Structure formats: structure tokens, C-alpha cells
Amino acid sequence: MNNNIRLNKWEKGISYEVAFWNNVYRWNHTFKGLMGWSHYGKEILLEDFDANSFLKEREQPTVLDVGCGMSYATGNHVCDAGVLTPIDIHYIDPLADYFNKILKRHHRSLPAIEFGMVEYLSSIHTDHNADLIVIQNALDHSANPIKGIAEAINVLKDDGILYLNHHPNEAEKEHYKGFHQYNITQEAGHLIIWNRNERWDINELLSEFASVKVSTHQNGHIIAIIRRTGALPSVLLDYQQDIRDLVESMMYMSKEHRSIGRALHFKLQYWIFNLIQFVAQGLPWKFKMFVKSIIKQA
């Protein structure tokens with residue numbers, strides 16, 4: 001798929017994502033609910049993977065939570081004999097500028113989110129020293145998940161781990177709207193990423209430089225533990241092509257956003273979503289779940 005088409009589809013999801021988090025952080029009851037669910041300030045816990053034991057064996061481990069949104073879901077401590085020790089964790093998201101403004105607007109004391117796109121992660125995290133990279137419910141929201149996987153593995157240390165945790169086949173369920181352009185599933189122990197136009201077997205794609213262990217958690221989430229075992233081939237790390245794609249995308253977006261109509265459409269879309277989320281997030285949790293159950297049954 002053409003890079004501009006990917007970017008254009010991905011960009012359409014920004015207004016909804018920003019409006020959603022703005023209103024989660026606006027209301028005290030939704031913010032408290034989020035922090036009650038989040039592992040921020042606690043031991044790192046990941047489904048179907050003992051991240052705590054893995055990190056305890058690494059010297060001064062570095063963790064990247066990529067595509068983190070504003071959930072702060074990944075814990076930022078290791079626990080050894082009941083003692084919590086902070087770890088070097090970086091919360092990274094392409095919408096960091098929007099999210100940091102939301103933190104400031106609603107006076108929430110949480111770490112600033114760092115800018116970064118998984119498709120260009122090695123240009124942001126240039127030390128290539130990550131022990132663990134966590135991507136939860138985000139890889140399928142990216143513009144190019146296959147490139148994102150390659151970039152993440154490139155940033156890992158030898159024997160480092162890329163941990164993926166996603167709802168199965170989200171794009172199909174969301175009818176390919178907004179950020180939902182790719183599906184993640186497993187077939188016979190293989191991690192599969194696909195949409196209406198493309199399909200990749202990740203186990204086969206990575207076989208020469210990474211091992212892939214895939215499982216389905218009891219809650220239905222697709223879990224993949226990808227361990228780096230060797231250097232990536234240059235064909236997956238074509239930085240000259242990256243530069244060409246980015247320059248082309250910059251010119252494309254410049255042309256698109258020069259239109260007054262396009263700019264007004266983006267603003268209008270954001271305020272519509274913001275109004276919807278203002279009402280939705282202000283409702284009691286039990287009532288929202290009741291309404292959702294009715295919609296599903298209809």
C-alpha cells in the first residue's frame with residue numbers, strides 16, 4: 001500500500017483518539033478509574049509473560065512502552081523480595097504533543113510522554129539498548145505494523161524481547177475506521193497480521209533473526225513474545241527509503257492541510273468527538289456498560 005494512503009488513513013483517527021483521552025482525564029471518576037486499572041507506580045505485570053523475572057536478571061534494564069496512549073498501563077517497577085525498584089521506562093507515542101497538553105490542561109502529575117512512531121523507532125531511541133519493548137493495543141493502530149516490528153527488534157539488545165498484546169481482528173470489528181486498519185490474530189501458533197489488501201506470517205518473516213511465541217490469553221487477547229536472536233537484514237532497514245517516504249509524506253500533508261476546508265473539517269471532527277466523549281465519559285461506568293450491552297444485543 002502507498003505510504004501516503006497509509007498515512008492518510010491513520011491521520012483520520014487522531015481527532016477521536018485525542019478527544020477520548022481529553023475526556024478520560026477531564027472527569028475525576030474516569031481518571032481515578034484509569035489509575036486504579038493502571039500499573040503505574042507498581043510492579044510491571046504483563047499477561048502471559050513474567051516481565052518482572054525477566055527484568056530482574058538484566059543489569060539496569062530499559063523498557064519502552066510504545067504507542068502507550070495515556071493509559072500508563074505498564075508498571076514502572078521491578079519487585080525483588082518484596083522491595084520495589086524503579087526501572088528506566090519510556091512512555092512513547094506519536095501523539096505525545098497532544099497528550100502532554102492534556103496532562104497540563106487537567107493538572108495530572110504523570111511523566112511526560114515522549115514523541116516516537118514505532119515505524120521509525122530506531123531514529124528516536126538511537127542507543128539501541130532496550131531490554132523490553134511493550135506494545136499493547138497499538139501495533140494494529142500504526143500506519144505500517146510490519147515496519148514497526150522490524151524497527152522495534154532493531155532497537156532491542158541481543159536476547160531482548162518485544163512484547164505484543166492485542167485484541168484479535170480489531171479492524172474487522174471496527175469496519176476499518178480511524179486507526180483500525182490492521183488485524184492481529186494467530187493461526188496454528190503463528191502470528192498473523194492482515195487486512196483486506198495484505199497478509200503477513202510474522203513467524204516466517206522473522207525466522208532468521210527472532211523467535212516468536214504466540215498464545216491466546218483467557219480473555220481472548222493475542223500475546224506474542226518476540227525475542228531477538230540476531231541482526232536484522234538490511235532489506236528491512238532501508239533508511240534511504242524512509243527518508244524518501246517521509247519527505248513525500250511531508251509534501252503530501254502540506255498540500256492537504258493547505259486547504260481551509262480540510263483544516264475546518266479536522267477541527268469540526270475533533271469538537272464533535274469531544275462533545276460525544278464529554279457526555280460519554282461523564283456517565284457512570286455501570287450505566288455505560290448497560291448501554292453497550294443493549295447495543296450489542298440490537
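Everything quoted here is computed from the prediction, not taken from an experiment. Along the sequence shown, the residues carry numbers beginning at 1. Computed from heavy atoms alone, side chains included, the values below leave out hydrogens, waters and symmetry copies.
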Trainee: Roughly how far, to the nearest 0.5 Å, is CG of Leu121 from CG of Leu156?
Mentor: 9.0 Å

Trainee: May I ask you to test the Leu139-Ile193 pair for a side-chain heavy-atom distance under 4.5 Å?
Mentor: yes

Trainee: Quick one: OG1 on Thr185 to CD1 on Ile192, what's the gap to the nearest 0.5 Å?
Mentor: 8.0 Å

Trainee: Could you tell me which non-hydrogen atom of Glu119 sits nearest to which non-hydrogen atom of Lys147, and how far apart they are?
Mentor: O-CE, 3.0 Å

Trainee: Step by step, would you call His39 with Leu46 a side-chain contact (heavy atoms from CB on, under 4.5 Å)?
Mentor: CA-CA 10 Å; His39 289 148; Leu46 300 173; over 6 Å; no

Trainee: Could you tell me if the ring centre of His221 sits under 6.0 Å from that of His166?
Mentor: no

Trainee: Any donor-acceptor pair under 3.5 Å linking the side chain of His167 with the backbone of Asn137?
Mentor: no

Trainee: With heavy-atom distances below 4.5 Å as the criterion, would you say the side chains of Ile44 and Leu132 are in contact?
Mentor: yes

Trainee: Search all heavy atoms of Arg228 against all heavy atoms of Lys157 and return the closest pair with its distance.
Mentor: CD-O, 3.8 Å

Trainee: Sub-3.5 Å donor-acceptor pair from the side chain of Asp140 to the main-chain atoms of Asn183, do we have one?
Mentor: no

Trainee: Could you tell me whether a side-chain N or O of Glu43 sits under 3.5 Å from a main-chain N or O of His77, the two making a donor and an acceptor?
Mentor: no

Trainee: Quick one: pull up CG in Asn195 and CG in Asn169 and give me the separation to the nearest 0.5 Å.
Mentor: 11.0 Å

Trainee: Side chains of Trp194 and Asp201: does their closest heavy-atom pair fall under 4.5 Å?
Mentor: no

Trainee: Provide the closest heavy-atom pair for Ala138 versus Gly67 in the form atom of the first, atom of the second, distance.
Mentor: CB-O, 3.4 Å

Trainee: For Ser38 and Met35, indicate whether the former's side chain and the latter's backbone hold a donor-acceptor pair under 3.5 Å.
Mentor: no

Trainee: Are the side chains of His106 and Asn22 in contact, using a 4.5 Å heavy-atom criterion?
Mentor: yes

Trainee: When the ring planes of Phe99 and Trp21 are compared, do they come out parallel, tilted or perpendicular, using 30° and 60° as the limits?
Mentor: perpendicular

Trainee: Judged by atom type as modelled, is there a donor-acceptor pair below 3.5 Å linking the side chain of Thr229 to the main-chain atoms of Phe209?
Mentor: yes

Trainee: Take atom NZ in Lys101; do more than 12 heavy atoms of anything else shown fall under 6.0 Å from it?
Mentor: no

Trainee: For a 4.5 angstrom cut-off between non-hydrogen side-chain atoms, does Leu110 reach Tyr40?
Mentor: yes

Trainee: Mind listing the closest non-hydrogen atom pair of Cys79 and Asn52 along with its distance?
Mentor: N-OD1, 2.7 Å

Trainee: Taking C-beta and beyond as the side chain, do Glu17 and Leu95 meet within less than 4.5 Å on heavy atoms?
Mentor: yes

Trainee: Looking at every non-hydrogen atom in both residues, tell me the closest pair between Val212 and Ile202 and how far apart they are.
Mentor: CG2-O, 4.4 Å

Trainee: Taking the side chain from Tyr72 and the backbone from Gly41, do they hold a donor-acceptor pair closer than 3.5 Å?
Mentor: no

Trainee: Just verifying a value: how many Å separate Asp93 CG and Tyr91 OH, rounded to the nearest 0.5 Å?
Mentor: 13.0 Å

Trainee: Mind running side-chain hydrogen bond (donor to acceptor under 3.5 Å, both in side chains) on Tyr163 and Asp65 for me, showing each step along the way?
Mentor: CA-CA 10 Å; Tyr163 172 86; Asp65 185 354; over 6 Å; no

Trainee: Got a second to check how far Ser211's OG is from Arg227's CZ, nearest 0.5 Å?
Mentor: 6.0 Å

Trainee: Which value, rounded to the nearest 0.5 Å, describes the distance between Glu114 atom CD and Ile89 atom CD1?
Mentor: 10.0 Å

Trainee: For Met117 and Ser142, what are the C-alpha separation, side-chain angles and deciding distance, and is it a side-chain contact (heavy atoms from CB on, under 4.5 Å)?
Mentor: CA-CA 8 Å; Met117 297 183 74; Ser142 66; over 6 Å; no

Trainee: Give the C-alpha distance, both sets of side-chain angles, the deciding distance and a yes or no for side-chain contact (heavy atoms from CB on, under 4.5 Å) between Phe49 and Asn165.
Mentor: CA-CA 10 Å; Phe49 175 60; Asn165 183 330; over 6 Å; no

Trainee: Linking I/L/V/M/F/W/Y whenever their side-chain heavy atoms sit closer than 4.5 Å, directly or via other members, would Ile113 and Trp37 fall into one cluster?
Mentor: yes

Trainee: For residues Thr85 and Ile87, determine if any side-chain heavy atom of one lies less than 4.5 Å from a side-chain heavy atom of the other.
Mentor: no

Trainee: Mark yes or no for whether Ser123, through its side chain, and Tyr120, through its backbone, hold a donor-acceptor pair below 3.5 Å.
Mentor: yes

Trainee: Can you tell if the side chain of Val155 reaches within under 4.5 Å of the side chain of Leu162, non-hydrogen atoms only?
Mentor: no

Trainee: For Glu47, look at atom CD and say whether over 12 heavy atoms of other residues, nucleotides or ligands are found less than 6.0 Å away.
Mentor: yes

Trainee: For Asp127 and His125: C-alpha separation, side-chain torsions, deciding distance, then whether side-chain hydrogen bond (donor to acceptor under 3.5 Å, both in side chains) applies.
Mentor: CA-CA 6 Å; Asp127 292 335; His125 194 79; 5.2 Å; no

Trainee: Given side-chain contact (heavy atoms from CB on, under 4.5 Å), test Lys173 with Glu170 step by step and report yes or no.
Mentor: CA-CA 5 Å; Lys173 295 174 184 175; Glu170 277 282 272; 3.9 Å; yes

Trainee: Between Arg108 and Tyr25 (side chain of the first, backbone of the second, donor and acceptor by atom type, cut-off under 3.5 Å), is there such a pair?
Mentor: yes

Trainee: Can you see which heavy atom on Phe115 is nearest to which on Ile124, and at what distance?
Mentor: O-CG2, 3.4 Å

